[in-house]
Amino acid sequence: MYNRILIANRGEIALRIIRACRELGIETVAVFSEADRGSAYLELADEAYCIGPAKSSQSYLKIDQVISAAEVGNVEAIHPGYGFLAENSHFNEVCRSCNIDFIGPLPEAMDMLGDKNKARAMARSANVPVVPGSGGLIEDESEAVRVAREIGFPVLIKATAGGGGKGMRVAANDLTLKVALQQARAEAQAAFGNAGVYLEKYVERPRHVEVQMIADQHGNVLHLWERDCSTQRRHQKLIEESPAPNLPEETRNAMCESAVRLLKKANYTNAGTVEFIVDQENNFYFIEVNARIQVEHPVTEMVTGIDLIKAQFAVASGQALPFSQSDIVHRGVAIECRINAENPDRNFQPCPGRIEKMFVPGGYGVRFDSHAHAGYTVPPHYDSMIGKLIVHQPTRAEAIACMLRALDELRIEGIATTALFHKKVLNHSTFADGWVDTGFVERTLLNKP
Amino acid sequence: MYNRILIANRGEIALRIIRACRELGIETVAVFSEADRGSAYLELADEAYCIGPAKSSQSYLKIDQVISAAEVGNVEAIHPGYGFLAENSHFNEVCRSCNIDFIGPLPEAMDMLGDKNKARAMARSANVPVVPGSGGLIEDESEAVRVAREIGFPVLIKATAGGGGKGMRVAANDLTLKVALQQARAEAQAAFGNAGVYLEKYVERPRHVEVQMIADQHGNVLHLWERDCSTQRRHQKLIEESPAPNLPEETRNAMCESAVRLLKKANYTNAGTVEFIVDQENNFYFIEVNARIQVEHPVTEMVTGIDLIKAQFAVASGQALPFSQSDIVHRGVAIECRINAENPDRNFQPCPGRIEKMFVPGGYGVRFDSHAHAGYTVPPHYDSMIGKLIVHQPTRAEAIACMLRALDELRIEGIATTALFHKKVLNHSTFADGWVDTGFVERTLLNKP
Amino acid sequence: MSSSEPGSGEVFDVERILRLVELMKDHDLSEIDLRQSDQRIRLRRGDLDAPRFVAQPAMQAMPAPAAPAAPAASSAAPAPAAEGANIYTMKSPMVGTFYLKPNPNAANFVKVGDRVQKDTTVVCVIEAMKVFNEIPAEVSGEVVAVLADNEEPVEFGKPLFKIDTSK
Amino acid sequence: MSSSEPGSGEVFDVERILRLVELMKDHDLSEIDLRQSDQRIRLRRGDLDAPRFVAQPAMQAMPAPAAPAAPAASSAAPAPAAEGANIYTMKSPMVGTFYLKPNPNAANFVKVGDRVQKDTTVVCVIEAMKVFNEIPAEVSGEVVAVLADNEEPVEFGKPLFKIDTSK
């Protein structure tokens, strides 16, 4: 195990890592930007170095400065947290070239899974289901129709050079397909100067379900069950929970086993997440791998009783996982609500500023992870999440009731937060029934098609 | 289940009960004294009535005012919490005579177990070991010697009219016994005008181990395993944990089964605790029953996953316990530190006053139960406990490490607290090894014999 | 002292500020803000720190007890608050149900304008635990205000009557 | 004292400020704001900042970065802090190890009293990632203070030199 590590991150995840290190007896070196100077959580680190001005590109994203701090701080390893440099394989390589362990997978695995096409190909070879599609470019109408009939309508036409929804069309039958194909081509040509398009099965009202993984350097690749993260707004997760409600046991097991097959094939190590979408018929399709610890990891910690950050340090330092797959028992229901400094009444616009007063919920089954406190100023330069409220109860109904009472207790004054918006979601019958899909929030609560 | 109840208590336990009720969908009526007016936790109740001035005897202990508030508030039941009226069987009777359920055992069971001699007798008849003694008064030396040899030296001589250690002597053999007997007699005569004394086995370096119980009105009497509360100062518990370290499995099981036998015999219902002392040879002796929920109940909640306050409401309202003895599985290790507004550097003198700033620890495995917050003024009229810090981890070593880091995070400014004193205890090898007895703190940390 | 003395110095007159502070404490004010033309005196006291839950839709905390965010101590004294020189506020000595009349058909014990005699004139009845407690006037004088409604639930310390002791 | 005495000097009357502060402390005032025409006395006290961890025995947070409890904003500007009119404080542009001399046996690049030329005179070397970065003077003038020790680890924004630009 390490004696001294550096945390290349800020805010709640930096504090989360500091907490784990204090419990493990690992000394911590924190880095911070001018905007985070004086934050209380920095004082829980053994050392803290300013590495640049507020702008991320000049501080938290500046590899040479982070490495330099690691050398000055004389650490054995760097934990990147999530975001910033967490999935930057170059940084990953630089760390190792400086004889500093990177708390995460090897750069090769990171690169392999970071490339969507390579990851998709690897998934196929590990016989993990992926969203069916044309594979290559669609040359003409007849081919489009053939492929569409093969994978089944409705289909999605995507520009190969695409992005931002441009050159994207949904087609429900042969006729609309032909029209859509031309429109998509034209739009793609105009937008990217490249009319190349391909076909993919269009999954209606998908649910986002992901599998938490942990792997050591001795070939043990284990899953810690799934999380349902379908409650999203603009692809930003708002609420995560485990287990995924209304997911058939066989689907759940098949999904978790697929995730294990994939990461074994990728020689993956450390913590990671395999993301799937699940359609209304409970077919699941591989989407991507997040090669890092995730914001929502506490949900899994509550239901499995395993501290994932501690586990990351253990496997990174070469230890074998102290448990086997059969030791990982899923207990009860955990739900997490992300508390963001955003104003739900103003289209969730970020709302940085000074927190005048704060009352943190407590009691049985409640966990609150946050670096914020009364007197803390939320800087405008970084993402707006200021805390994560997590509950753990025997049943989903109890978990929802516990979360509602905890949200009532949470008081953050001086800035707007998403706390009360979560109550709207939790009180909605669709959520209570466990049938939320990724479009639910915008469709139902924000009245956006 | 109830629709509306009254909480005849204040501070953290009032908040604890409000939290459980909000999760159960039960409306709450709080009562408060002038000294607690404006406390934030009162605003989490659906209604709150002032029942008198600061002095407990004129407010929280005033039965007619509490009942009157219950009638004005139109509630179906009263939860007494701990302390104040919690073990007052007269109040218990008055509630029921007003057709208001008392959340606790029946007055008869309360009376029976409240009387030390009756409880002792009942324990014997339930074949639960009690501290061996002469039973009746000791008439002369020869009888004393006979009894002493029978129960084994060392023995404790106690004045029957006793109290405050007066007329108490320890004797290690026949000779010292004779001298001690005369001294005790004389002292008792002088102090109480009654020279009557009796003999009891003197238990050296005892550990305080108690068994948490829950019983419904359908004859189900279950134990939720034990708590070790040996870390005390002047008989005030400072730290509680479960399981009891270094307690042989067979002793543990025998103790829990004894507790079940005793409460079955007493027709006990609702939550309660059976207290034992354990000697250095792991013999255990029944001491008393606490016929109420206790301060340290969260320790048991963490290791069993059972919400005891919710369970109290369930059984009081007539429901059968939803689990059987075999369903109650003990997982991991939980430790609780009581955070008191006391100054350890000034002989733990109470330190009421205004909390200027407060930072609450969080993260994996940490629970904090407190009604305090920045800006809260700790009133001088009531007990000094302002919060309970509880941790839950897979192993005892991890639990201690987690508690230490949580204590480091806990910041309460403006008043002195016992937070840092707990670190002294947790860092001591005797605690780490799990061999604390009830005299440890004063003997070892406060250098008092 | 010079609080009444005119001139540019008066805004900064510490003596008067002291008096304003006493006033704030006696009446539990959290802020005083006085302005006149270009002059201003602004004082803030205590702390407005206790997190406020009242905005919470899910809660309907009784305004009376829950509202004041001032430190408990400041409002802890149940002693009658003097208002003006001679107006005495009579408060409820217990929690219970307040009755202005001995029975539904009877007239009120007292109404505004009535004279009351200390310890002798019954001004109301408060029912607690089925017992109807007759409450006599705590001072002699004239009733100038009735502050609670018939059959209203009242808590300890709830103002019931204002009595002018100068009459 | 001169609380009622007129004259522009009174705002700065320390005696009175002292009394006002005492008054704030004695009576738990959080703010006093007195204005008159162009004069103003404003005093605030109490709870403006973060919980402090520094007292914590278990921690040895680097004083420099961690200590200030003031809101981040107050210390966020990496811009050179002007001191007096013409003293320029040159700060570290990066985190790394600070060297005052090109090699252990050599003399210091600069010492107090030396004149330095903007962008041309190398004043120190900061090693980051095995790279020795020569740092030239940011302004022309005379070195009046060296604020870091040879081989000291420095963070971004750490003051290194004071340079008098008037000389």
Side-chain angles (χ1 to χ4, degrees), chain A residues 6 18 22 27-55 58-59 62-74 94-95 97-98 100 352-358 371-381, chain D residues 30-31 44 46-81 91-99 125-133 135 148-149 151-160:
Chain A
L6 178 138
I18 290 171
R22 290 179 76 91
E27 290 181 358
T28 50
V29 175
V31 296
F32 63 95
S33 74
E34 289 283 0
D36 285 325
R37 182 184 290 281
S39 293
Y41 72 88
L42 293 173
E43 299 175 20
L44 288 168
D46 294 283
E47 273 182 28
Y49 294 100
C50 181
I51 55 168
K55 216 155 170 301
Q58 293 172 51
S59 50
K62 217 158 185 318
I63 292 178
D64 61 346
Q65 288 300 285
V66 172
I67 297 289
S68 181
E71 289 176 336
V72 168
N74 190 28
V94 174
C95 289
S97 71
C98 298
I100 297 170
R354 185 165 184 278
I355 295 174
E356 298 300 337
K357 294 166 204 165
M358 185 157 158
H371 61 295
H373 51 76
Y376 174 73
T377 299
V378 181
H381 315 85
Chain D
S30 52
E31 180 168 354
R44 295 185 69 190
D47 183 48
L48 295 169
D49 47 32
R52 307 286 302 110
F53 291 93
V54 285
Q56 200 53 261
M59 285 172 300
Q60 323 102 25
M62 230 196 165
S74 68
S75 55
K91 298 179 175 179
S92 175
M94 65 184 74
V95 59
T97 306
F98 175 82
Y99 292 97
V125 161
I126 295 178
E127 185 233 321
M129 293 184 71
K130 314 269 179 297
V131 178
F132 291 81
N133 306 281
I135 310 295
D149 298 333
E151 297 186 27
E152 173 183 344
V154 294
E155 62 177 352
F156 175 87
K158 164 90 167 76
L160 302 177

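Convention: sequence-line order gives letters A, B, ...; per-chain numbering from 1.
For a residue to count as touching a neighbouring chain, one of its non-hydrogen atoms must lie under 4.5 Å from one of that chain's; by this rule A:Glu71 touches chain D with the side chain only. Neither the backbone nor the side chain of D:Lys158 comes within less than 4.5 Å of any heavy atom in chain A. For A:Val94, the part lying near chain D is the side chain, with the backbone staying farther off; criterion is any non-hydrogen pair under 4.5 Å.
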Candidate pair A:Leu6 and A:Val66, rule side-chain contact (heavy atoms from CB on, under 4.5 Å), full reasoning | CA-CA 9 Å; A:Leu6 178 138; A:Val66 172; 4.0 Å; yes
Quick one: do A:Tyr49 and A:Gln65 satisfy side-chain contact (heavy atoms from CB on, under 4.5 Å)? Show the steps, please.
-> CA-CA 10 Å; A:Tyr49 294 100; A:Gln65 288 300 285; over 6 Å; no
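In this structure a side-chain-to-backbone donor-acceptor pair under 3.5 Å is missing from A:Ser33 to A:Gly52. When atom types are taken as modelled, the side chain of A:Ser59 and the backbone of A:Ile51 share no donor-acceptor pair closer than 3.5 angstrom.
Highest contact tally toward chain A, considering only D:Gly96, D:Ser92, D:Pro93, is held by D:Gly96 [criterion: heavy-atom pairs under 4.5 Å].
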